[in-house]
Amino acid sequence: MHNKNQAFAARGVHGQTIYVDPTAEMVIVRLSSFPQAKNGYIDPTSLPAYQAVADYLMNKETETTGQ
């Protein structure tokens with residue numbers, strides 16, 4: 001994904017995704033059957049959403065541990 005968390009993903013053509021963010025210690029599995037066989041249609045909303053979840057989890061961890 002070329003992001004600051006070194007996330008990576010396995011993706012299917014109809015929106016199926018396994019998104020792994022090692023820094024946030026997070027895995028997202030998305031089951032999907034998007035009618036268009038191109039991830040470019042859903043990437044503008046999906047990819048930022050995955051990063052937002054990772055950021056939330058890391059901020060929550062910082063708040064609870066103080067680190």
>> Checking Ala10 now: which residues fulfil side-chain contact (heavy atoms from CB on, under 4.5 Å) with it, not counting sequence neighbours?
In response: Ile18
> Who are the side-chain contact (heavy atoms from CB on, under 4.5 Å) partners of Lys60, not counting sequence neighbours?
Replying inline: Tyr56
> If every non-hydrogen atom of Gln16 is compared with every non-hydrogen atom of Val13, which pair is closest and at what distance?
Replying inline: OE1-N, 3.6 Å
Listed pairs under 3.5 Å, donor-acceptor, residues 39-48 side chains, sequence neighbours left out:
unit_1: Asn39; atom_1: ND2; unit_2: Gly12; atom_2: O; d: 3.1
unit_1: Asp43; atom_1: OD1; unit_2: Arg11; atom_2: NH2; d: 2.2
unit_1: Asp43; atom_1: OD2; unit_2: Arg11; atom_2: NH2; d: 3.1
unit_1: Thr45; atom_1: OG1; unit_2: Ile42; atom_2: O; d: 3.1
unit_1: Ser46; atom_1: OG; unit_2: Arg30; atom_2: NH1; d: 2.5
unit_1: Ser46; atom_1: OG; unit_2: Ile42; atom_2: O; d: 3.1

> Do side-chain atoms of Asn3 reach the backbone of Asn5 as a donor and acceptor pair under 3.5 angstrom?
Replying inline: yes
> Of all heavy-atom pairs between Pro22 and Ala7, which one has the smallest distance, and what is that distance?
Replying inline: CD-CA, 4.0 Å
> With a 4.5 Å limit on heavy-atom distance, are the side chains of Asp21 and Met1 in contact?
Replying inline: no
>> Strictly by ring pair (Phe, Tyr, Trp, His ring centres under 6.0 Å), give each pair with a member in residues 16-37 just once, sequence neighbours left out.
In response: Tyr19-Tyr50
> Which heavy atom of His14 sits nearest a heavy atom of Ala37, and at what distance?
Replying inline: CE1-CB, 3.6 Å
>> Per the salt bridge (charged side-chain N to carboxylate O under 4.0 Å, His left out) rule, what does the pair list look like for residues 31-42, sequence neighbours excluded?
In response: none
